[in-house]
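Everything below concerns the one structure shown next.
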Amino acid sequence: MNLIELKNAVKEYTTGDITVRALNELNLTVKQGEIIVILGESGSGKSTLLNVMGGLDVLTTGEILLEGKPYTNFKDTEMSKLRRQKFGFIFQSYNLLPLLTIYENIIAPCLLDRKHIQRKDVEALSENLGIKEQLDKFPNQLSGGQQQRASIVRALINHPKVIFADEPTGNLDKDTGEQVMTCLIDAVKRESATLVMVTHNEKFASCADRVIRMENGKEIGQI
Ligand SMILES: Nc1ncnc2c1ncn2[C@@H]1O[C@H](COP(=O)(O)OP(=O)(O)OP(=O)(O)O)[C@@H](O)[C@H]1O
Ligand SMILES: [Mg+2]
């Protein structure tokens, strides 16, 4: 069964008299364990696509299914729980809470579900991503690359089915970005997770099982 399926997905944003069609009758399937890279010009609908797949935004028309169930079947509270338990998010800005340590940031989403996470599991994953020594520091004591590694640990700690990453190396210099991207792809493979990632770095398209090119809210071809 497909993990996620979009059928004739349309997303329109209306501001005043102007309506922008960010997704234009898009059809897409994501299978468990795939690494999918989404490429496209600015404004082509990449972030919109990730947001609707991640349940952060709703479609205007069309359908989106998670393991065969329409997202619209889930109530708001069910959807938030599902997001925390099945999805992991990594954004361009790391979104770490400044007043929590790195360790506390990593376990915070799990606390909302009263799910107990063992320190040794956080340490093991952090060691793989090279930030074990940073766990008791605060975000402003870490470099951008280290903060992004922490947000990768946070996204993976709950063993999500899918990780959505929107330009995860967009704020990093080229070398740091490439190191973080390599870590992310290795970690996703090790965890047998699924990755749907927007990136401008064509170099990493070669690590993907599938590359989707977007233009004006539509897919213009797969490689
Ligand atoms: N909240 C919103 N309100 C109104 N219009 C929006 C909103 N979000 C996105 N759009 C519009 O939808 C279109 C697609 O935007 P989107 O953010 O998905 O593009 P993108 O491919 O991620 O671009 P970038 O590479 O610059 O991040 C754009 O025309 C954008 O202006
Ligand atoms: Mg975007």
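Both counts, for ligands and for their atoms, begin at 1 and track the order of listing.
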Please report the C-alpha distance between Gln148 and Ser151 in whole Å, then the side-chain angles of each, then the deciding distance to 0.1 Å, and finally whether the side-chain hydrogen bond (donor to acceptor under 3.5 Å, both in side chains) criterion is met. CA-CA 5 Å; Gln148 192 59 307; Ser151 87; 2.5 Å; yes
List the closest protein heavy-atom neighbour of [atom]: residue, atom name, distance to the nearest 0.1 Å.
atom	value
atom 26 (O) of ligand 1	Ser42 OG, 2.6 Å
atom 17 (O) of ligand 1	Ser47 CB, 3.8 Å
atom 25 (O) of ligand 1	Lys46 NZ, 2.7 Å
atom 4 (C) of ligand 1	Tyr13 CB, 3.3 Å

Is the backbone N or O of [Y] less than 3.5 Å from a side-chain atom of [X], with the two atoms forming a donor-acceptor pair by type?
X	Y	value
Ser44	Glu215	no
Ser80	Asp76	yes
Asp57	Val52	no

Of all the atoms in Ser47, is at least one N, O or S atom closer to the Mg ion (ligand 2) than 2.8 Å? yes
Under 4.0 angstrom from ligand 1, any heavy atom of [X]?
X	result
His200	yes
Glu167	yes
Lys11	no

Does any N or O atom in Ala22 lie less than 3.5 angstrom from one in ligand 1, N or O only? no
Check this for me - ligand 1, Gly40, N or O atoms closer than 3.5 angstrom, yes or no? no
CD1 (Ile18) with more than 12 external heavy atoms under 6.0 Å: no
What do you reckon, is CD of Glu67 surrounded by more than 12 foreign heavy atoms closer than 6.0 Å? yes
Salt-bridged, Lys189 to Asp209, with N to O below 4.0 Å? no
Quick one: are Phe164 and Met197 in side-chain contact, heavy atoms under 4.5 Å? no
Do Lys46 and His200 come close enough that some side-chain heavy atom pair is under 4.5 Å? yes
Could you tell me, atom by atom, which parts of ligand 1 come under 4.0 Å of a heavy atom of [X]?
X	answer
Ser44	19 (O), 21 (O)
Val20	12 (O), 29 (O)
Glu41	21 (O)

Taking atom 20 (P) of ligand 1 as the point of reference, which of Gly217, Gly170, Gly43 owns the nearest heavy atom? Gly43
Name the option, out of Thr48, Val52, Val198, that contains the heavy atom nearest to atom 16 (P) of ligand 1. Thr48
Check whether any protein heavy atom sits under 4.0 Å from atom 30 (C) of ligand 1. no
cation_pi(Lys11, Tyr13) dist<6.0 Å, angle<=45: yes
